[in-house]
2 protein chains.
Amino acid sequence: MGASYYQFCPVAKAMELLDERWTLLIVRELLSGSERFNEVRRGVPRMSPTLLAKRLNQLVRAGVVEKRDDRYVLTPAGEELRPVVDALAVWGVRWIGELGERDLDPKLLLWDMRRHVDPAAVPEGRTVVLFRFPDTAPGNRRWWLLLTPGTADVCDDDPGHEVSVTVTAPLRALVGIWRGDLAWADAVRAGTVELEGPERLRRGLPTWFTLSPYAGVPRPVRAGVSAPSR
Amino acid sequence: MGASYYQFCPVAKAMELLDERWTLLIVRELLSGSERFNEVRRGVPRMSPTLLAKRLNQLVRAGVVEKRDDRYVLTPAGEELRPVVDALAVWGVRWIGELGERDLDPKLLLWDMRRHVDPAAVPEGRTVVLFRFPDTAPGNRRWWLLLTPGTADVCDDDPGHEVSVTVTAPLRALVGIWRGDLAWADAVRAGTVELEGPERLRRGLPTWFTLSPYAGVPRPVRAGVSAPSR
DNA sequence: CGGTATCCACTACGATACTG
DNA sequence: CAGTATCGTAGTGGATACCG
């Protein structure tokens, strides 16, 4: 655990555990349903496995996480961190709009989208979505999402199936849509995002993803800047 | 600002600013109404002034705090951190019950009580409350609180006025009452806390303080442990 | 898959003294 | 009152390789 603040204040006591780097992001992953070490790791790819192991053990010792044969599950205390993570996310989405280039990780984006596919909205059979990000590093330009009403898989190399719809966009734009900074419809209309494929699928695609849970958070009203249409 | 997580996730972006040591405690102080440098400092006495200055500047650069001639005031973005601090406090009070000896700082306690005096409940005229903590370090054993319906002042040496009520208790017990872990009535009945003075004042004293804003947060139900009566 | 081991660089933080 | 200046160290965190 982190250094003590030597204060009896509940905020201080909470932060002794939670203000350490990565800790709340791990909790975020666990709240999102990840349970296994490498599953959590996909959500914090820039964290070394040593440090992840250390943090997970800290959380176990703090009574926030319980380890059941290779599965890390939140205890009631851990589950009750949801309001904290939610409050942080709401604040972050409202007040930290500027994203650096390095913040735009396609793998995290696709992995996140995968988690929020709406099974009821996805067409019958198999749908293959190809995402093209012309502006990213060579190895990161093409991603495939294989959707069925029950499954969703991410591939970073050609799975060999025929592509149903292709999405071409700057990575930043797609992240913006995902975060709710930008609406699908606006982006397509403006030509920022290009959809190719049968019209039915082009129209349907925006409904297949429920977007980030915080996409719908209202943004601060700033004079002269209009909100994205929804 | 702290190191980036290189993630577009709003929680990550928020934590880049907020996960640094002390930062949220400073925000807590500002949310509690402190504005001046040394006023904030009283709430984080173990923080070096250099570091406090640095953190305040970071918060200004982040758009969370605005500096107006020696006063630090929260911007709308800063004010919106209240739900974050609240969520942390609620979690902390529920799940971090154990306090170390070093967490029990009488000065912080008195300073905090001072901030939460209920002017409507305090008797007319001047009331002098002497707090005695027999179990603390020599210089910390006696504190005076001078109350009037409009003012409240803390002294760590004898202000010379006649004492109206004396409170004698282990510091831990009084902190427990303050945090809502323990009820005044229970503590007095059990003899843990001793009140001396006219009955009217002894009875009245528990009503003069509204206690910590989080004292009323319901605690997790644990089998065999009963909640304090209120 | 589920982690350890090792090593280094850095820098954040704490302590203390001092200034306008 | 409102901060700077200085300095040393502990220890975090990053990178990479390796193991059961």
Side-chain angles (χ1 to χ4, degrees), chain A residues 1-7 12 15-27 29-30 33-62 65-73 100 102-103 105 108 111 153-154, chain B residues 1-7 12 15-27 29-30 33-62 65-73 100 102-103 105 108 111 153-154:
Chain A
M1 203 162 110
S4 178
Y5 286 113
Y6 298 118
Q7 297 196 0
M15 287 310 276
E16 285 179 14
L17 174 68
L18 302 174
D19 72 357
E20 284 195 301
R21 195 162 155 74
W22 295 111
T23 301
L24 270 177
L25 300 196
I26 295 167
V27 172
E29 288 305 307
L30 296 171
S34 292
E35 291 193 334
R36 316 197 66 111
F37 189 88
N38 285 321
E39 210 176 357
V40 173
R41 221 189 146 191
R42 265 187 288 262
V44 285
R46 304 186 64 100
M47 190 178 190
S48 85
T50 308
L51 189 51
L52 175 55
K54 180 180 172 187
R55 286 285 184 276
L56 284 168
N57 287 329
Q58 288 176 302
L59 289 170
V60 168
R61 261 179 281 129
V65 169
E66 209 173 333
K67 184 170 179 180
R68 299 196 195 133
D69 44 49
D70 285 352
R71 301 193 112 82
Y72 296 92
V73 297
R102 310 276 311 266
D103 295 338
D105 182 331
L108 279 176
W111 179 251
D153 292 299
V154 176
Chain B
M1 203 165 108
S4 178
Y5 286 113
Y6 298 118
Q7 297 196 0
M15 287 309 276
E16 285 179 14
L17 174 68
L18 303 174
D19 72 359
E20 285 195 300
R21 194 161 156 76
W22 296 111
T23 301
L24 270 177
L25 300 196
I26 294 166
V27 172
E29 287 305 306
L30 297 171
S34 291
E35 291 193 334
R36 316 198 65 112
F37 190 88
N38 285 322
E39 210 176 357
V40 173
R41 219 187 147 192
R42 266 187 289 261
V44 285
R46 305 187 63 99
M47 191 178 189
S48 87
T50 308
L51 189 52
L52 174 55
K54 180 180 172 186
R55 286 286 184 275
L56 284 169
N57 286 329
Q58 288 177 302
L59 288 170
V60 168
R61 261 179 281 127
V65 168
E66 210 173 334
K67 185 171 179 181
R68 300 196 195 133
D69 44 50
D70 285 352
R71 301 192 112 82
Y72 296 92
V73 297
R102 311 275 312 265
D103 296 338
D105 182 331
L108 279 177
W111 179 250
D153 292 299
V154 175

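Residue numbers begin at 1 in each chain, while the letters A, B, ... track the order of the sequences.
- Nucleic acid contact for B/N38: base, since at least one base atom lies under 4.0 Å from a heavy atom of the residue.
- Atom CG of B/L25 and atom P of C/dC13 are 12 Å apart (whole Å).
- Neither OP1 nor OP2 of D/dT12 sits under 4.0 Å from any side-chain N or O of A/W22.
- Summarising the geometry, atom CD belonging to A/E39 is positioned 9.5 Å from atom CG belonging to A/L30; distances are rounded to the nearest 0.5 Å.
- Considering only side-chain atoms of B/T50, the nucleotide from C/dG3, D/dG3, D/dA5 that sits closest is D/dA5.
- Here A/R21 reaches the OP1 or OP2 of D/dG14: one of its side-chain N or O atoms lies under 4.0 Å away.
- A/Q7 contributes a side-chain N or O that, together with a main-chain N or O of B/G43, makes up a donor-acceptor pair within less than 3.5 Å.
- Comparing B/R41 and B/A3 against DNA chain D, the residue whose closest nucleotide sits nearer the 5' end is B/R41.
- Protein atom CG of B/L51 is 11 Å distant from nucleotide atom P of C/dA15, rounded to whole Å.
- Distance, B/M47 CE to C/dT16 P: 17 Å, rounded to whole Å.
- Going from atom CG of B/L25 over to atom CZ of B/R46 covers 13.0 Å, rounded to the nearest 0.5 Å.
- Between C/dA12 and B/K54, a contact under 4.0 Å exists linking OP1 or OP2 to a side-chain N or O.
- Here the side chain of A/P49 is nearest to one of D/dG3, C/dG3, D/dG14, namely C/dG3.
- At least one side-chain nitrogen or oxygen of B/R36 sits closer than 4.0 Å to the OP1 or OP2 atom of D/dA2.
- Atom OH of A/Y5 is separated from atom P of C/dA12 by 15 Å (rounded to the nearest Å).
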field: Stepwise side-chain hydrogen bond (donor to acceptor under 3.5 Å, both in side chains) test for A/R61 and A/Q58
entry: CA-CA 5 Å; A/R61 261 179 281 129; A/Q58 288 176 302; over 6 Å; no

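- As rounded to whole Å, 11 Å separates atom P of C/dC13 from atom CD of A/E20.
- Taking atom CE of B/M15 as the reference point, atom P of D/dG13 lies 12 Å away to the nearest angstrom.
- Straight-line distance from the OH atom of B/Y6 to the P atom of D/dG14: 10 Å, rounded to whole Å.
- Going from atom CZ of B/R46 over to atom P of C/dC13 covers 16 Å, rounded to whole Å.
- B/V40 approaches B/E29 most closely through the heavy-atom pair O-CG, 4.0 Å.
- Contacts of B/R55 with the nucleic acid, taken as non-hydrogen atoms under 4.0 Å apart, involve only primed sugar atoms and P, OP1 or OP2.
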